[in-house]
Amino acid sequence: MSRIRRALSIASVSAVVAGSVLLAASPALAAPVDIYTNNATWYAIYDDEPNIDDIYSRAADFQGSGLTLGGWTGDALDGLAYSTTEVFWDAEVGEIADVTWISGNLVTGGPVITGSYTGTYAYEGDFITSGTVTAELVVQGSFAKWTFQAISDDAWPAPGISVTGNTGADSDADYTDVDGGITINDGLTGDMIVGLATNGFVNATDGDDIFYVVNGSSTLTFTIATLDYNPCSADGALDHMAELVPTFADIFGTDLEPFYNTNCYGPAQPSDSLTVGTEADLSLTFESGEGLDDYNGGDNWASDNYADWTLGVVNGLPDGVDYEWVYDDDSQRAALHLTGTPTESGTFTLTGFTYHTDDSYPNADGLDGETPLLFSVDIVVEEAAAAPSASPSASLATTGASMVPAIAGALLLAAGAALWLVRRRTA
């Protein structure tokens, strides 16, 4: 079944019937380029056709640490605008033609990557017509936008346009209609979540990795964005993307922060507190959440991975308190060990992250590590206990004892004065 006919079968356009069409071979492709933005790696953007092969997650200067880390998800696409683009007039009678891309220009080197492409089409059937299709591609931040325009060479009406996409989700592809477009995921098992907004419509079937973006008019636009998530935040991330799709026109070009929750891997709230002026010795043992254990096949993730994760940053420490990241082979746990002597009291929220790294980092993609996990925990520092005050009886006893020398001295003075008077009278 032609992708045009299949797509139009669900749209309110004139063509509604199935059929077949012979597709022409695509021309040889020039070498693609990889583009790195703050929160995405755009793999294989072509300069002779408006195709992007794939997208993987990354995070530059993650949490202000200076580290560039790979995310938890990737393989967002296996190509978008990667195959034959088609134009159509009436698919019911097979009025469909392929677009052949004949020129392109990709401009890189700045925060905004642009591509301009030109293709041609020709149709010979009940009528004869030909024309041009232009495509503009803009990549910025976590977003990419395509604009296709069909222009007729003659008086025959310009055709509608269909563009083929291939999600990385393969047979696990799950498409959800949202306001203004769709979301695409792989059952939330490791591929990036893709949001797609369009002025046309998307024809897609769950379990089929091929989808089509179609508009029955001569102008087709669509925008995609990608979102990274960790194993504990998948459902919330999908809902978040569904909320973002209708706003793509307003937020285009921004960097979508990874949708990570805290304490997917982190310490439980400690029962012990620290004390001002007293040396700290508190170990915060890290445990994994249910989502990570499920991700680990039901086994305890923290135990299996305790020696493979390292500490990124820790923020929010009380004055005077320091830390070290330790591995305990006996308990098979990693821990944040607090040391030093606190100088201020209160409740302090410690935030930070751990991540995986090994001898393969830094790598050619500029990554220092991968798969960060956020944590947050409250630490209580109490005031030092005040010195016990003396009891009233003890105070009186102390006062009385301190007065004995004075009383004795006064008595001696009195006795001396009396003796002087006696001597004076008898003189």
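If you read the sequence from its start, that first residue is 1, and numbering goes on from there. In this text the structure is predicted, and so the values were computed from the model without any measurement. Atom set for the values below is all heavy atoms of this structure, side chains included, hydrogens, waters and symmetry mates excluded.
The minimum heavy-atom distance linking Ala40 with Gly141 is given by the pair CB-O, 4.4 Å. The two residues Ser345 and Glu382 make their nearest non-hydrogen contact at CB-C, 4.1 Å. In terms of heavy-atom proximity, Gly71 sits nearest to Asp228 at CA-OD2, 3.2 Å. Across every non-hydrogen atom of Tyr121 and Ile151, the tightest pair is OH-O, 3.6 Å. Between Phe248 and Ala225, the shortest heavy-atom distance links the atoms CZ-CB, 3.6 Å. Residues Asp191 and Asp186 approach most closely at N-OD2, 3.1 Å, considering heavy atoms.
Shown are Thr108, Val107, Leu137; of these, the side-chain contact (heavy atoms from CB on, under 4.5 Å) with Thr114 is made only by Val107. The ring pair (Phe, Tyr, Trp, His ring centres under 6.0 Å) test with Phe222 singles out one residue from Tyr212, Phe143, Trp146, Phe201, and that residue is Trp146. Remark: of the listed residues Asp281, Asp322, Leu350, Val314, Leu350 is the sole one forming a side-chain contact (heavy atoms from CB on, under 4.5 Å) with Leu338.
Aromatic rings of Trp89 and Tyr123 (six-membered ring for Trp) have centroids within the 6.0 Å cut-off, being under it. Ring to ring, Trp72 and Tyr295 are close: their centroids are under 6.0 angstrom apart. Checked against the 6.0 Å centroid threshold, Tyr229 and Phe259 do not count as a close aromatic pair.
Between the Asp54 side chain and the Ala76 main chain, a donor and an acceptor come within less than 3.5 Å of each other. Not a single donor-acceptor pair under 3.5 Å links the side chain of Ser57 to the backbone N or O of Gly74. Checking side-chain atoms of Ser65 against main-chain N and O of Leu67 turns up a donor-acceptor pair under 3.5 Å. Judged by distance alone, the side chain of Asn296 and the main-chain N or O of Gly298 form no donor-acceptor pair under 3.5 Å. Judged by distance alone, the side chain of Asp206 and the main-chain N or O of Tyr175 form a donor-acceptor pair under 3.5 Å. No donor-acceptor distance shorter than 3.5 angstrom exists from the side chain of Asp365 to the backbone of Leu367, with no hydrogens or angles considered. Under a 3.5 Å cut-off, the side chain of Ser288 and the backbone N or O of Ala302 do form a donor-acceptor pair. With Asn261 contributing its side chain and Cys232 its backbone, the two residues share a donor-acceptor pair below 3.5 Å. The main-chain N or O of Glu243 is never found under 3.5 Å from a side-chain atom of Asp239 such that the two would form a donor-acceptor pair. In this structure, the side chain of Glu279 does not engage the main chain of Gly340 through any donor-acceptor pair within 3.5 Å.
Counting only heavy atoms from C-beta outward, the side chains of Pro32 and Ile45 never approach each other to under 4.5 Å. By the 4.5 Å heavy-atom criterion applied to side chains, Asp78 and Thr167 are not counted as neighbours. At a threshold of 4.5 Å between non-hydrogen side-chain atoms, the residues Tyr46 and Leu106 do not count as touching. With a 4.5 Å cut-off on side-chain heavy atoms, Asn39 and Arg58 do not count as touching.
Classified by interplanar angle (parallel below 30°, tilted 30° to 60°, perpendicular above 60°), the ring pair Trp309/His356 is tilted. Using cut-offs of 30° and 60° on the angle between ring planes, the pair Trp301 and Tyr265 is perpendicular. Taking the six-membered ring where the residue is Trp, Tyr355 and Phe353 present tilted rings, their angle falling between 30° and 60°. In this pair, Phe148 and Trp101 present their aromatic rings tilted. The plane angle is within the 30 to 60° band.
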- Derivation and outcome, side-chain hydrogen bond (donor to acceptor under 3.5 Å, both in side chains), residues Ser162 and Glu86: CA-CA 5 Å; Ser162 174; Glu86 292 176 331; 5.0 Å; no

- Step by step, would you call Asn230 with Ser233 a side-chain hydrogen bond (donor to acceptor under 3.5 Å, both in side chains)? CA-CA 5 Å; Asn230 66 31; Ser233 62; 3.0 Å; yes

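Salt bridge Arg333/Glu287: present, at least one basic N to carboxylate O contact under 4.0 Å.
Residues Asn38 and Asp255 have side chains that bring a donor and an acceptor to within less than 3.5 angstrom of each other.
A distance of 5.5 Å separates OG1 of Thr68 from CG of Asp368, quoted to the nearest 0.5 Å.
More than 12 heavy atoms of other residues, nucleotides or ligands shown are found within 6.0 angstrom of CD on Glu324.
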